[in-house]
A.B. asks: 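Sharing a structure, written as C-alpha cells. Questions coming.
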Protein chains: 2
Amino acid sequence: MAQEDRQFVDALARGLAILEALSRAQKPLSNGELARATSLAPSTVSRLTHTLSILGYVRLSQTSRTYELTPKNLTLGYPVLAGMSLLERARPRLKQLSEKTGETAALAIRDGIHVTFVEVIQGSNMVAVRLATGGRLPIAVSAAGIAILSALPDRERRTVAARVRADITRRGGNPDIFNRHLASACQQGIAIIRDAWRPGIGGIAVPVVGDGDVAALTVPVATGSITEAAMRGSLAAVLRETAEVLGPARAGEA
Amino acid sequence: MAQEDRQFVDALARGLAILEALSRAQKPLSNGELARATSLAPSTVSRLTHTLSILGYVRLSQTSRTYELTPKNLTLGYPVLAGMSLLERARPRLKQLSEKTGETAALAIRDGIHVTFVEVIQGSNMVAVRLATGGRLPIAVSAAGIAILSALPDRERRTVAARVRADITRRGGNPDIFNRHLASACQQGIAIIRDAWRPGIGGIAVPVVGDGDVAALTVPVATGSITEAAMRGSLAAVLRETAEVLGPARAGEA
DNA sequence: GAAAGTAATTCCGCACTGCGGAAAGATATG
DNA sequence: CATATCTTTCCGCAGTGCGGAATTACTTTC
C-alpha cells in the first residue's frame with residue numbers, strides 16, 4: 001500500500017480492510033460509511049462489498065442499505081482455537097475461577113502487539129465486563145498483554161516491548177506508564193491494570209505457558225465495583241493458584 | 001470467477017480462498033499445498049500469502065515453510081458473537097444442560113446452507129465430540145441445521161430446503177434422507193441425526209428463536225456410546241425443557 | 001405526490017496491477 | 001556433491017480493477 005512492493009496484492013488488502021472496518025464498528029455499515037472508514041472510493045467499496053457478499057462474508061442487514069458480517073467469518077478463526085491443547089486444559093479451570101469469584105474469567109494469547117481472547121467464561125456478578133471470544137486489545141492497555149509480555153524470554157520480550165512502545169508513541173501516548181506496568185509485572189509475576197483502556201475497566205492477569213507459547217489467565221473487572229486492594233488480595237491469590245495448576249509461569253521452564 | 005461479473009474482484013476472492021483452505025486443512029500448509037488446494041499458480045499463491053502475512057492474517061509456523069492462521073482471524077468473527085443477545089441468555093442454560101447430562105452442549109445459528117456453532121460448552125464425559133466456536137457444518141448433515149430449518153417460517157423454509165437439496169444432489173448425495181429428517185423434525189419439534197456427517201458422530205437439536213432469527217440448542221454425541229433410545233428419551237427431554245425456558249420454538253410466535 | 005436531495009451502483013476508458021511462465025534461489029535427498 | 005523439489009522473484013503483457021462521471025434507486029421535504 002504505502003511501499004512499492006511488487007509482491008503485495010492491493011485488492012486483497014482493501015477487501016480485508018472492509019471486513020476489518022465492519023469488525024471494528026461492531027455494527028452494520030453502509031457503503032458510504034465504509035468508504036469513509038477506509039478512505040477508498042465509493043465505487044471501489046461497492047465492488048468489494050459486492051464481491052464479499054457473493055463469497056458470503058457480508059450480507060445486507062435488515063436495515064437494508066448497510067452490510068454486516070456473517071457467521072462465516074467465525075470459521076476462519078476456528079482452527080486457531082481447535083489446535084490449542086492449552087485451551088482444553090484451561091477451560092475447566094476458568095470455570096472454577098469464575099464460579100469461585102463470580103467474575104468473568106478468560107484466556108488470552110498474544111498476536112503481534114495485541115492480545116486476543118480465545119475463551120471467555122461469563123461471570124455471575126451483576127456488573128460484568130462484556131467480552132466474547134475473539135475480542136482484541138493492544139498489549140499496552142490490557143492486563144493479559146502485560147502478563148504475557150512479562151513471561152516471554154528476555155530477547156523476545158525486548159523486541160515486542162519495543163514495538164509496543166513505538167505503537168504507543170505513534171499514537172501520541174506516553175510509554176512510561178506501560179514501562180512501569182511491565183516492570184511491576186515482571187517483578188511480581190502478576191499484572192494489574194486499571195482504567196488504562198477505558199475508564200471504569202481494568203483487569204488482572206497471570207501468565208501461563210502452553211503450546212510452546214505464552215498465554216494469560218485474566219479476569220476483567222469493573223474498576224468501579226472492585227478496589228485495587230481487592231484485586232491485589234483475594235483475586236490475585238485465586239489467579240495465582242489457578243495458574244499454578246496449569247503449568248510453569250515462565251517460557252522455557254518445561 | 002466463473003461468470004463474467006465486471007463487479008467481482010478476483011484477487012480478493014483468491015486471497016480469501018487461501019484463508020479458507022488453511023481453515024479447512026486445520027493445519028499449516030505450504031505454498032505448494034495451497035496452490036494445489038486452490039488450483040492457483042504457485043507464484044500467485046506466493047504473492048497472496050506474502051500479502052496476508054504482511055496484513056497479519058497468516059504467519060510462517062515453526063515448521064517453517066508452511067503458513068498458519070493467526071489469532072487475528074478470530075477478530076473478524078467477534079462482532080457476530082458480541083451482537084447476539086440470545087447468546088447471553090443461552091449461555092447459563094447451556095452450562096446447566098452440559099452439567100446435567102455430561103455431554104457437550106452448543107448453540108448454533110444458520111448461515112446460508114450451513115450452521116455455525118457460536119457457543120460451545122464442553123462436556124465432562126470421557127468420550128466427547130470435539131467442537132469449538134466457529135465450527136461449521138452443512139445443514140443437511142447436522143441436527144442443529146435440521147432443527148433450525150424445521151422452525152423457519154414456511155416460505156423461508158421452502159427456499160432454504162430447496163437450496164440444501166440442490167447442494168446434496170450436486171455432490172452426488174441422496175436428498176431423500178434429508179427430506180425424511182426434516183419432515184420428522186417438523187412433526188416432532190426435535191431433530192435427531194446419527195452418522196450422517198461422519199460415522200460415529202451424531203447429534204440432537206431443538207430450535208429456539210432469538211434476535212429475530214432461528215437458532216438451535218444442540219448436543220453432539222458419539223453414536224458409539226449413546227443409543228438412539230437414550231437420545232429420544234432423557235436427552236430429548238432435557239433439551240426440550242431447556243428450549244422452553246429460552247423462548248418460543250417457532251419463528252413468529254413472539 | 002412531485003421535486004429535490006442523497007446515497008448506491010454501473011459504466012467505461014485507461015493506467016498499471018496482478019498474472020503466470022520461466023529463471024533464480026533455497027532446502028531437502030540420496 | 002549432485003539432484004530433485006519446492007519457493008520466491010523477475011518481467012512482459014493481458015486484462016483487471018480503479019475512480020470519475022453518469023445513472024439509477026431511495027429518502028425526505030413541502
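Sequence lines set the chain letters: A, B, ... in the order given, protein chains first and strands last, and positions in each chain run from 1. Source: prediction; values computed, not measured.
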A.B. asks: In whole angstrom, give the distance that lies between atom CZ of B/Phe8 and atom P of D/dG15.
C.D. replies: 18 Å
A.B. asks: Counting just side-chain N and O atoms, does A/Ser30 come under 4.0 Å of either OP1 or OP2 of C/dA8?
C.D. replies: yes
A.B. asks: Hey, does B/Thr44 have a side-chain heavy atom less than 4.5 Å from the side chain of B/Arg14?
C.D. replies: yes
A.B. asks: Can a salt bridge be assigned to the pair A/Lys72 and B/Glu20 using a cut-off of 4.0 Å between side-chain N and carboxylate O?
C.D. replies: yes
A.B. asks: Find the distance A/Arg36:CZ to C/dT6:C1' and express it as a whole number of Å.
C.D. replies: 11 Å
A.B. asks: Assign each of A/His50 and A/Val9 to its nearest nucleotide of DNA chain C by heavy atoms, then name whichever residue's nucleotide is nearer the 5' end.
C.D. replies: A/His50
A.B. asks: Start at the 5' end of DNA chain C and walk down; is the nucleotide closest to A/Pro42 or to B/Leu48 reached first?
C.D. replies: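 The 5'-side residue here is A/Pro42.
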A.B. asks: Output the rounded distance in Å from CG (A/Leu29) to C1' (C/dA7).
C.D. replies: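 Atom CG in A/Leu29 sits about 15 Å away from atom C1' in C/dA7.
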A.B. asks: Quickly work out the A/Asn31 CG to C/dT10 P distance and round it to whole Å.
C.D. replies: 11 Å
A.B. asks: Quick check on salt bridge (charged side-chain N to carboxylate O under 4.0 Å, His left out): which of A/Arg171, A/Arg163, A/Arg165 does A/Asp167 satisfy it with?
C.D. replies: A/Arg171
A.B. asks: Applying side chain to side chain contact (heavy atoms under 4.5 Å, CB included), name anything that partners A/Arg89, two or more places apart in sequence or on another chain.
C.D. replies: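 Listed in chain order: A/Leu86, A/Leu246.
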A.B. asks: Let me have a per-nucleotide readout for nucleotides 20-30 of chain C, 5' to 3', with B, S or -, counting only protein heavy atoms under 4.0 Å.
C.D. replies: BB-----S---
A.B. asks: Using 0.5 Å steps for rounding, measure from the OG1 atom of B/Thr49 to the OH atom of B/Tyr57.
C.D. replies: 15.5 Å
A.B. asks: Going by an N to O cut-off under 4.0 Å, is there a salt bridge joining B/Asp154 and B/Arg158?
C.D. replies: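 Salt bridge present between B/Asp154 and B/Arg158.
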A.B. asks: What is the distance, rounded to the nearest whole Å, between atom CG of B/Asp10 and atom P of D/dC18?
C.D. replies: 12 Å
A.B. asks: What is the separation between atom CG on A/Leu60 and atom P on D/dC26, rounded to the nearest whole Å?
C.D. replies: 12 Å
